[in-house]
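Here, residue 1 is the first one in the sequence, and each next residue gets the next number.
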Amino acid sequence: MQGRKQHTEKLFLSFQLSDRVPTDNFYRRLKDIMDLKWLYKQTAKYYGSEGQQSIDPIVFFKLILIGYLENLGSDRRIINTVSMRMDMLFFVGYDIDEPLPWHSTLSRTRQLYGGEVFKQLFKQVLKQCIDKGMVAGKRQAIDSVFVKANASMDSLNEKAILNDGDDYATTLTEEDEPIINTPDQDHTVSASINKRVQQHHTWKAKAYKGMPGARKKTEEGNADEDKYLPRYVSNHTHYSTTDADARVSVKPGKPRQLNYLSQVSVDTNHHVITNIEAHHADKKDSQCLPEVLENTIDNLHEEGLQIQEVLADGGYSSGEALQSLEDYNITGYIPNFGQYKHSREGFTYNKEHDRYTCKQGKHLVFKKIKHTTPGYVMKHYRSSAKDCKNCPFKTTCIGKSNEKKIEDTIDKPLYDKMHERLQSTKAKRFKKLRSSTVEPVIGTLVNYLAMKRVNTRGIQQANKCMLMAAVAYNLKKLLNWKTNKVSTIVKAMQIKVENSLLKLVFHLWLLLASIQSKPDG
């Protein structure tokens, strides 16, 4: 006989949520390892002594954390999901008949708390990972990823164009008076910069579409073809009215969009995130590296760990970045950027005299230091026109020029040192290690931990989102961590040996003390 379930809702007089959540449930285990009572003291300064009670800080952070653990992209979805899950309600500390906070409360509280509270939570979880033996600290892999901002390209507005004279006067005023950051500061561009950007974009569009330099014919007659070119936007000439901190950026093969740049440091031992932070998307990775290094070192130094090696891709290669590694006494493994040349074919460099010598024995001496438009500082070496005039290799070497010129960056010694280090077998092994360490972590953050897009506005708020995504990642690693029995036995043996040595030292001290206390003879 076919069964048919008859269901009528009952009013239960005796129900305990803890009885319905299994002991091996993820959120039950997570509740056992998280002690967030320190949040009360840390967030007390954000509240007054009167008025209505706000959301409990612990409840707030647990709800936000659920959003990242469940890959939920909005505060509204967090509340809706938690209301239907008994294990989440148990984790947050609510009963099934207790109303949850409004989703707008999460947004307002996120804006209320300073970034240092979120940073402290990240450090607390990192400390737990370190205490479990999951972080060695010696070697860090660093990489970056674009995170979509909470603003569309339609929000872009053109910056007001200042005359060069006005721009010059503004610059003089800023030099004479203290600089005050205002919302309109990034909403203007000088006429000269605007002209260069537009010329560059027009040239790129013509090259891309294969248009000839001639003008197009239209029904009205000849018209400038520039008006038919695709519209290009630049951070130099446009800004977002929705999120002023978001920047236009693009990946190969993908459309332009407003993004933030997330910098992630991962320990190569067990892939624990040791640092994460938000940067403007128009910054290069090499520009971010000094700050990323400083923050990663601080996070690990608090727990007595020291970085010795850093692995990164070629985007982090620059004189400033390599010098920061030298300053911190860290060995880097970073491929040199594309324009770097370790040697010049047919020329030999003499470090003592700071000059190049060609195969004919003629010298190219150092002439001057020049600053280029992209911001590089280059050393210029030049030969004498007399030496090159009757050279048999003149046609292949300099063509129609009168003299040979060679340019080198002033940071070439740093690049040379890195080039030699990268030739080792260890460096080639580290290249694979870097890609297998940090790239899967970033993929997990973006695809499974709600870091594909931030649901806030402003770089400080975006930084909070990235920190919470990293907290969620490290907590999942922590809950899945299983202590190796062999390492546990070895550590126990080390403790026993240390205790034995301490006992031996103590007995020797007592013996010496007793000998010295005896009278002579």
Counting only N and O atoms by type, is there a donor-acceptor contact under 3.5 Å from the side chain of N25 to the main-chain atoms of R28?
yes
Between K426 and E309 (salt bridge meaning N to carboxylate O under 4.0 Å), is one present in this structure?
yes
Do NZ/NE/NH1/NH2 and the carboxylate oxygens of R434 and E439 come within less than 4.0 Å?
yes
Pair E116 + K45: basic N to acidic O under 4.0 Å:
yes
ring-ring contact (aromatic ring centres under 6.0 Å, His included) filter on Y448, not counting sequence neighbours, yields none
Filter on salt bridge (charged side-chain N to carboxylate O under 4.0 Å, His left out), then keep only pairs touching residues 448-462, sequence neighbours left out; what's left?
none
Would the distance check show the side chain of N474 and the main-chain N or O of I273 forming a donor-acceptor pair, the cut-off being under 3.5 Å?
yes
Flag, side chain of D245 to backbone of I459, donor-acceptor distance under 3.5 Å:
yes
Working to the nearest 0.5 Å, report the span between CG of L39 and CG of D56.
8.5 Å
Within the distance-only criterion (no hydrogens, no angle test), does the side chain of E70 pair as donor or acceptor with the backbone N or O of G67 below 3.5 angstrom?
no
Between V292 and E277 the two heavy atoms that sit nearest each other are CG2-OE2, 3.6 Å
side-chain contact (heavy atoms from CB on, under 4.5 Å) partner of Q140, the single match among T437, N275, L300, V266:
L300
ring-ring contact (aromatic ring centres under 6.0 Å, His included) with H270: which residues, sequence neighbours excluded?
W481
Would R85 and D87 pass as an ion pair if we require N to O under 4.0 Å?
yes
Any ring-ring contact (aromatic ring centres under 6.0 Å, His included) pairs touching residues 33-72, not counting sequence neighbours?
Y46-Y113, F60-Y113, F61-Y113, F61-F118
Only counting residues at least two apart or in another chain, list the ones meeting ring-ring contact (aromatic ring centres under 6.0 Å, His included) with F91.
Y27
Measure the shortest side-chain to side-chain distance between H301 and I307 over non-hydrogen atoms and say whether it is less than 4.5 angstrom.
no
Would the distance check show the side chain of S262 and the main-chain N or O of S144 forming a donor-acceptor pair, the cut-off being under 3.5 Å?
no
Do V248 and Q257 come close enough that some side-chain heavy atom pair is under 4.5 Å?
no
For F337, the ring-ring contact (aromatic ring centres under 6.0 Å, His included) test, sequence neighbours excluded, returns Y415
With a 4.5 Å cut-off on side-chain heavy atoms, are Q263 and I276 touching?
no
Determine whether the side chains of N299 and T274 contain a donor N or O and an acceptor N or O closer than 3.5 Å.
no
Would you say the side chain of Q308 lies within less than 4.5 Å of the side chain of I330, judging by non-hydrogen atoms?
no
Work out which heavy atom in Y260 is nearest to a heavy atom in A246; give both atom names and the distance.
OH-N, 3.6 Å
Find out whether V117 and K464 are in side-chain contact, i.e. whether some heavy atom of one side chain is under 4.5 Å from a heavy atom of the other.
no
